[in-house]
Amino acid sequence: GENVEQHPSTLSVQEGDSAVIKCTYSDSASNYFPWYKQELGKRPQLIIDIRSNVGEKKDQRIAVTLNKTAKHFSLHITETQPEDSAVYFCAASMYSSASKIIFGSGTRLSIRP
Amino acid sequence: SAVISQKPSRDICQRGTSLTIQCQVDSQVTMMFWYRQQPGQSLTLIATANQGSEATYESGFVIDKFPISRPNLTFSTLTVSNMSPEDSSIYLCSVDPGQDTQYFGPGTRLTVL
């Protein structure tokens, strides 16, 4: 089955700097890659996703890139702000079958003022 | 997206007892899922709740321990049976409203003494 690895487990960046979180997946059939943000005590919230027919997607300060050949994808947050502090989870799925999503282990992002 | 609610939001239970968690969605959805998130950990899929048929369980999870009901397209329950302290966790339902992605409920925080 699918296995998703995520790095780093913790990340601390200065406010205003960029943050990058990287994930790899094992199943070449996976074609849907969502990212979730989970604030302390809250539910995971979908922040951006990418499907395998696209190499990059951007939404304001957040961007995701996908390299299907290497089976890795990354989340980029630019101009970080205190409210970006949270745990971020990458995930992979075969969305065409509406099947299960497999999550990475999570990255705890802290923004230093 | 969909509006998802869960009951109870939290509970403290004695070992050996059972707790049923409810998940309600504001619209009909084909796919509903149940996840477990242990403290400081990622999300692990327990099962897919299928309307009109038995749930599909992931490796390591069995129906006797986590019976699931899905009586219609807006509602599902997860029961945690014969609880032990190791079952202390956050239990989340999620739904796919037909967009081939998943949105999460607020979670149920369970503590077993």
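Convention: sequence-line order gives letters A, B, ...; per-chain numbering from 1. Predicted model only: the values in this text are computed from it and were never measured.
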inquiry  = Has B:Arg15 got a side-chain atom pairing as donor or acceptor with B:Thr17's backbone, closer than 3.5 angstrom?
reply    =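 No; zero donor-acceptor contacts below 3.5 Å.
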key: Hydrophobic cluster identity match, B:Phe33 and B:Leu110, side-chain contacts under 4.5 Å   =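 Result: no, two separate clusters.
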inquiry  = Does any backbone or side-chain atom of B:Thr101 lie under 4.5 Å from a heavy atom of chain A? Answer side chain, backbone, both or neither.
reply    = both
query = With only heavy atoms counted, which part of B:Leu92 is less than 4.5 Å from chain A, the side chain, the backbone, both or neither?
reply = side chain
query = According to the interplanar angle, ranging from 0 to 90°, do the rings of A:Phe103 and A:Phe89 count as parallel (below 30°), tilted (30 to 60°) or perpendicular (above 60°)?
reply =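 If you compare the ring of A:Phe103 with that of A:Phe89, the planes turn out perpendicular.
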ask   = Between A:Gln38 and chain B, which part of the residue has a heavy atom less than 4.5 Å away: side chain, backbone, both or neither?
value =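 Just the side chain, heavy atoms under 4.5 Å.
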query = If you count heavy-atom pairs under 4.5 Å between each of A:Ser105, A:Pro44, A:Gly104, A:Gly41 and chain B, which one has the most?
reply =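 It is A:Pro44.
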inquiry  = Show, in sequence, the C-alpha distance, side-chain angles and deciding distance for A:Arg112 and A:Asp17, and conclude whether the salt bridge (charged side-chain N to carboxylate O under 4.0 Å, His left out) test is met.
reply    = CA-CA 10 Å; A:Arg112 302 191 303 271; A:Asp17 288 351; 5.6 Å; no
